[in-house]
Amino acid sequence: MEIGIKGDASFVVTKEMLATAVGSGTVEVFATPAMIARMEDTATHSVMPYLDEGQATVGTHVDVRHLDATPEGMKVFIHTELVEINANGKFLTFQVEARDEHGVIGSGIHERAIINVGRFMEKVNKKKNA
């Protein structure tokens with residue numbers, strides 16, 4: 001895996017993605033949590049081909065500004081780029097951006113950690129049984 005890996009996705013904003021539907025507001029516009037989820041998903045999928053068997057990534061940090069409102073029915077484009085891999089290779093930092101048909105609607109930084117799925121879930125399941 002190396003710096004510069006890019007991810008791209010696009011979709012049309014649906015009623016289920018509105019702030020009123022996800023509980024993040026009272027105005028019928030594309031919800032901030034929905035935008036961030038799409039940014040995370042795009043970053044996730046961009047690096048999946050570079051992971052070893054049994055590995056995955058999990059989100060650890062999000063610092064994103066939602067800059068402009070997008071109505072239901074408008075197309076949104078997500079772009080991510082891997083801009084940093086920490087020294088031990090475990091943490092990945094992405095520059096993330098969302099645009100609608102009129103321009104940038106959100107941008108920021110998103111970090112993900114590379115995990116061993118088996119060990120990770122073992123730890124999670126111990127919490128359930130504690």
Side-chain angles (χ1 to χ4, degrees):
M1 187 172 317
E2 48 190 62
I3 291 173
I5 295 170
K6 293 176 175 59
D8 290 289
S10 63
F11 54 91
V12 174
V13 175
T14 64
K15 190 168 242 20
E16 296 78 27
M17 296 175 187
L18 301 180
T20 50
V22 302
S24 68
T26 59
V27 181
E28 292 196 345
V29 294
F30 186 40
T32 302
M35 179 183 73
I36 291 170
R38 292 299 182 119
M39 289 171 162
E40 287 198 63
D41 185 60
T42 304
T44 297
H45 283 88
S46 73
V47 296
M48 283 176 63
Y50 304 95
L51 299 174
D52 292 336
E53 188 173 330
Q55 288 184 324
T57 64
V58 293
T60 58
H61 182 84
V62 177
D63 185 1
V64 169
R65 292 189 182 275
H66 198 160
L67 304 167
D68 201 6
T70 303
E72 179 182 1
M74 187 168 279
K75 194 165 191 178
V76 172
F77 307 87
I78 304 291
H79 178 73
T80 65
E81 183 174 348
L82 181 60
V83 294
E84 183 180 338
I85 302 170
N86 81 329
N88 70 6
K90 182 178 177 181
F91 291 94
L92 311 174
T93 303
F94 297 85
Q95 183 73 43
V96 295
E97 182 179 81
R99 295 177 161 272
D100 66 18
E101 298 166 40
H102 294 280
V104 176
I105 62 167
S107 65
I109 297 291
H110 172 49
E111 295 174 357
R112 302 192 68 76
I114 298 172
I115 57 143
N116 174 289
V117 177
R119 285 196 302 264
F120 184 86
M121 290 310 299
E122 187 176 303
K123 184 177 175 183
V124 170
N125 288 328
K126 282 182 184 176
K127 286 177 113 176
K128 274 198 304 193
N129 301 322

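In this structure, the side chains of Glu2 and Leu82 stay at 4.5 Å or more apart for every pair of heavy atoms. Contact annotation: the side chain of Thr70 never approaches that of Val29 to less than 4.5 Å [non-hydrogen atoms, C-beta and beyond]. Within the 4.5 Å cutoff, the side chain of Ile85 has heavy atoms near those of the Met1 side chain. At a threshold of 4.5 Å between non-hydrogen side-chain atoms, the residues Leu18 and Val13 count as touching. Looking only at side-chain heavy atoms (C-beta outward), Leu92 and Val47 come within less than 4.5 Å of each other. Inter-residue side-chain proximity for Met17 and Arg38 is flagged as met; some heavy-atom pair is nearer than 4.5 Å. The closest side-chain heavy-atom distance from Thr32 to Ser24 is not below 4.5 Å. With contacts defined as side-chain heavy-atom distances shorter than 4.5 Å, the pair Phe94/Val83 does not qualify.
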- Message: I'd like to know whether Ile109 forms a side-chain contact (heavy atoms from CB on, under 4.5 Å) with Thr93, so could you lay out the CA-CA distance, the side-chain angles of the two residues, the decisive distance to 0.1 Å, and finally the verdict.
- Response: CA-CA 7 Å; Ile109 297 291; Thr93 303; 3.5 Å; yes
- Task: Any chance you could lay out the salt bridge (charged side-chain N to carboxylate O under 4.0 Å, His left out) test for Lys75 and Glu101, step after step, and finish with the verdict?
- Result: CA-CA 6 Å; Lys75 194 165 191 178; Glu101 298 166 40; over 6 Å; no
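Atom CZ of residue Arg99 and atom OG of residue Ser107 lie 9.5 Å apart, to the nearest 0.5 angstrom. Atom CD in Glu97 sits 10.5 Å away from atom CG in Asp8 (nearest 0.5 Å). With rounding to the nearest 0.5 Å, the separation of CG in Asn116 from NZ in Lys123 is 12.5 Å. Interatomic distance, CG of Leu51 versus CD1 of Ile115, reported as 9.5 Å (0.5 Å rounding). To the nearest 0.5 Å, atoms CD (Glu72) and OG1 (Thr20) are separated by 8.5 Å. Atom CD1 of Ile114 is separated from atom CG of Asp52 by 8.5 Å, given to the nearest 0.5 angstrom.
At least one donor-acceptor pair under 3.5 Å links the side chain of Gln95 to the backbone N or O of Gly108. Panel note: side chain Asn125, backbone Lys128; no donor-acceptor pair is recorded below 3.5 Å. Side chain of Asn86 to backbone of Gly89: a donor-acceptor contact under 3.5 angstrom is found.
Val22 and Val62 fall into different hydrophobic clusters, where Ile, Leu, Val, Met, Phe, Trp and Tyr are joined by side-chain heavy atoms under 4.5 Å apart, directly or via other members. Using a 4.5 Å cut-off between side-chain heavy atoms of Ile, Leu, Val, Met, Phe, Trp and Tyr, with links allowed through other members, Phe11 and Ile36 fall into the same hydrophobic cluster. Note: the hydrophobic cluster containing Val117 also contains Val124 (ILVMFWY, side chain heavy atoms under 4.5 Å, direct or indirect links). Hydrophobic clustering keeps Phe77 apart from Ile105 (ILVMFWY residues linked when any side-chain heavy atoms are closer than 4.5 Å, directly or through intermediates). Connection of Met35 to Met74 is not established within any shared hydrophobic cluster, with ILVMFWY side chains joined at heavy-atom distances below 4.5 Å, either directly or through further cluster members.
The environment of CE in Met48 is sparse: at most 12 heavy-atom neighbours from other residues, nucleotides or ligands sit within 6.0 Å. By the 6.0 Å contact criterion, OH on Tyr50 is open, its count of non-hydrogen atoms from other residues, nucleotides or ligands being 12 or less.
Among all heavy-atom pairs drawn from Thr42 and Ala9, the shortest one is OG1-CB, 3.5 Å. Val76 approaches Ala98 most closely through the heavy-atom pair CG1-CB, 4.4 Å.
A donor atom on one side chain and an acceptor atom on the other are found under 3.5 Å apart for Arg112 and Thr44.
The side-chain contact (heavy atoms from CB on, under 4.5 Å) test with Val96 is passed by exactly one of Glu40, His110, Glu81: His110.
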